Amino acid sequence: MAKLKVASIWCEGCSGCHMSFLDMDERLVELINKGLELNATPITDLKVPDEDTDIGIIEGAIATDHHEEEVKMMREKCKFIVAIGDCAVFGGIPTMRNYFTREELLERGYITTESTVQGKIPTSEEIGKHLPKTKAVNEVIKVDFYIPGCPPSADAIYYVLKEILEGRTPVLSGDLLKYE
Amino acid sequence: MENKITISPVTRIEGHARVTIHLDEDGKVKNAYFHVDQFRGFEKFSEGRHFSEMPVITERICGICPISHHLASAKACDDILGVDIPKTAKLLRELIHMGQIIQSHSMHFFELAGPDLILGWDADPRIRNVVGLIQENPELALKAVKLRKYGQRIIELVAGRRIHPTFAVPGGVNNALSPSARDEIMSGIDEMISYIKEGIKIAEDYIEKNRDLCNKFASFSTGYMGLVKDDGSLELYDGKIRFMDKDGNILKEFKGKYYLKYIGERVEDWSYLKFPFYKPLGYPDGVYRVGPLARLNVADKISTPLANEEFKKFKAIGYGKPVEGSIYYHYARLIETLYALERTREILDDPDVMSQDVLVLGNVSNEEGIGVVEAPRGTLIHHYWVDEKGTIEKVNLIVSTGHNNWAMSKAVEEVAKAFVDGKNLKEGMLNRVEGAIRCYDPCLSCSTHAIGKMPIVVEIYDNSGNLLESVVRD
Ligand code: SF4
């Protein structure tokens with residue numbers, strides 16, 4: 001069976017989609033034994049995916065300029081892009097903040113919260129800048145497959161990877177296709 | 001001239017962060033920072049929602065410990081209703097919390113931090129991960145996977161789904177336990193206990209062989225905070241907050257609802273993660289740590305027998321003082337996992353666990369509610385204010401990883417100073433810096449969630465911005 005190089009990143013998400021990935025449990029070991037190779041992911045130490053990565057999995061919405069750069073980089077390096085979870089697919093919970101301005105959000109977080117003492121809004125160049133609006137991944141780059149759900153089930157993730165690994169195009173249906 | 005090394009993103013932690021290490025002309029480390037560079041905004045955008053939605057909104061803060069947010073939130077909601085929930089509901093909430101502890105702790109030890117200890121700090125970064133572990137020791141790796149699965153399965157069987165369930169509601173839980181779920185969970189406990197004992201043995205052997213490193217690696221003084229039961233034993237679900245000073249004296253015990261009197265948070269320019277401190281001592285004198293190491297430091301004992309035996313060995317490391325070395329977090333984490341397994345059995349043995357009495361109804365009767373639990377990474381506080389209809393007016397959250405922010409920055413600096421040589425930079429040196437952070441099992445999705453620039457690995461610039469050297473980690 002062919003090798004399948006998989007990279008993944010998390011943008012504005014909660015890691016729950018990556019947890020569902022790990023929830024494949026023994027089937028993850030099975031996929032690895034069948035030729036799935038984990039490239040740059042949050043659970044490996046490779047910081048940048050290889051040029052010939054087959055699948056780039058993206059969790060989370062796009063909330064900052066850094067997210068935009070990251071997903072563009074993934075698009076360049078990976079043959080197929082999979083948006084995983086409601087946040088990546090249509091923005092999900094993170095888009096709840098689009099009802100507020102960036103200033104309102106930061107002021108609550110860093111100045112007016114009851115436990116904050118002598119608050120201020122962090123400004124260092126080392127930390128990222130928010131976009132005016134939190135977006136779904138396909139508003140920034142082209143996406144090839146979508147796996148919705150919050151998070152999608154491990155069964156759905158397993159099905160998609162296995163189909164690709166075996167050279168077929170995955171089509172989610174029935175219990176595997178859920179928005180919840 | 002000042003050189004700067006950037007590690008971005010820090011890997012094998014939950015969420016994104018970057019580290020900058022500042023060097024002097026001789027390549028020696030002057031200082032180092034742990035930057036958490038994203039802010040999520042839950043405290044603001046939850047305003048205007050109905051309070052009963054909070055247990056399912058706030059669990060989306062974190063997919064790794066959603067149950068902890070779910071439960072802290074449900075407790076705050078019980079408080080708004082002003083009700084005491086039925087005993088069975090409490091048992092079932094604690095049961096899924098034990099599932100959470102088992103899955104999160106075992107995942108961290110075996111799949112995130114473990115590769116450093118089991119495969120070595122300087123192992124090839126291409127294999128220094130869970131896949132390398134599977135290749136090196138498939139039997140152990142499979143046990144690790146099964147242990148995590150067992151924790152997730154408890155949550156699935158009791159609460160309906162593994163991640164982001166709808167189980168805990170204001171006033172209790174929405175489902176009684178089925179006999180088949182009870183039997184399935186019960187039937188796995190002994191095997192899981194044998195697995196975690198193997199993990200504890202690995203940690204003990206490591207400590208034995210590397211005692212000097214363990215005692216020195218990111219070892220420093222702070223206060224400690226964690227929940228304890230009335231008799232001073234380890235508590236993860238309910239109980240009172242105990243605060244201990246750096247010498248091991250108990251300074252204060254207080255109910256979670258008084259947290260604002262004792263805990264303040266400072267903001268530093270270089271991080272979106274705030275810096276909590278113990279108010280009576282001020283900042284930075286009042287900085288403290290939470291999580292497994294802190295909880296075992298503040299506790300007098302563990303209420304379950306097997307874990308208590310391990311606890312005695314842990315306490316012996318400190319000779320009566322708090323255990324300070326950050327690597328001991330890993331050891332403490334495994335001991336807590338053993339406790340969670342034993343506690344799972346105790347809960348299932350309680351005849352009340354099968355009762356159908358799982359919910360009390362009530363109306364909004366308090367304008368504030370506060371919920372506190374010990375999440376896998378430490379004390380988690382949810383505080384909501386509502387109007388008479390139950391609409392959320394304000395939210396304040398202090399999450400587990402936040403309490404450890406100061407300590408993680410300190411750990412980064414200590415390890416960078418001890419191991420990084422800017423004139424002779426090696427990948428393994430930087431991995432040790434990241435390893436210092438991994439001790440704390442930070443959950444940055446929880447604390448803020450972050451960004452991190454993927455492409456750069458390590459770059460050293462001079463002060464006019466010219467790239468001097470680049471170490472790429474693959
Ligand atoms: S889709 Fe759900 S589980 Fe996935 S990152 Fe978003 S909130 Fe988390």
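In this text the structure is predicted, and so the values were computed from the model without any measurement.
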Yes or no on side chain to side chain contact (heavy atoms under 4.5 Å, CB included) for A:Val29 and B:Leu142, after CA distance, side-chain angles and deciding distance? CA-CA 8 Å; A:Val29 180; B:Leu142 202 61; 4.3 Å; yes
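For B:Lys274 (side chain) and A:Gly109 (main-chain N/O), a donor-acceptor pair under 3.5 Å exists by modelled atom type. Proximity of a side-chain donor or acceptor of A:Arg108 to a complementary backbone N or O of B:Val395 within less than 3.5 Å is detected. For B:Arg60 (side chain) and A:Gly92 (main-chain N/O), no donor-acceptor pair under 3.5 Å exists by modelled atom type.
For A:Leu106, the parts sitting under 4.5 Å from any heavy atom of chain B are the backbone and the side chain alike. For chain A, the nearby part of B:Ile263 is the backbone; its heavy atoms alone come within less than 4.5 Å. Proximity to chain A (any heavy atom under 4.5 Å) is restricted, for B:Gln152, to the side chain, taken from C-beta onward. Contact of A:Ile93 with chain B is made through backbone and side chain together, with heavy-atom distances under 4.5 Å. Heavy-atom distances place no part of A:Tyr99 under 4.5 Å from chain B, backbone and side chain included. In this structure, no portion of B:Leu397 lies under 4.5 Å from any heavy atom of chain A. If you measure heavy-atom distances from B:Arg266 to chain A, the contacts under 4.5 Å come from both the backbone and the side chain. If you measure heavy-atom distances from B:Tyr283 to chain A, you find no contacts under 4.5 Å at all. Only the side chain of B:Phe277 comes within contact range of chain A, with at least one heavy atom under 4.5 Å from a heavy atom of that chain.
Contact annotation: the side chain of B:Phe45 never approaches that of A:Asn98 to less than 4.5 Å [non-hydrogen atoms, C-beta and beyond]. Between A:Ser20 and B:Ile163, the closest side-chain pair of non-hydrogen atoms falls below 4.5 Å.
A salt bridge does not link B:Lys146 with A:Asp25: none of the charged nitrogens is closer than 4.0 Å to a carboxylate oxygen. Between A:Glu26 and B:Lys149 there is a salt bridge, since a side-chain N of the basic residue sits under 4.0 Å from a carboxylate O of the acidic one.
Minimum heavy-atom separation, A:Pro151 to B:His164: CD-CD2, 3.8 Å.
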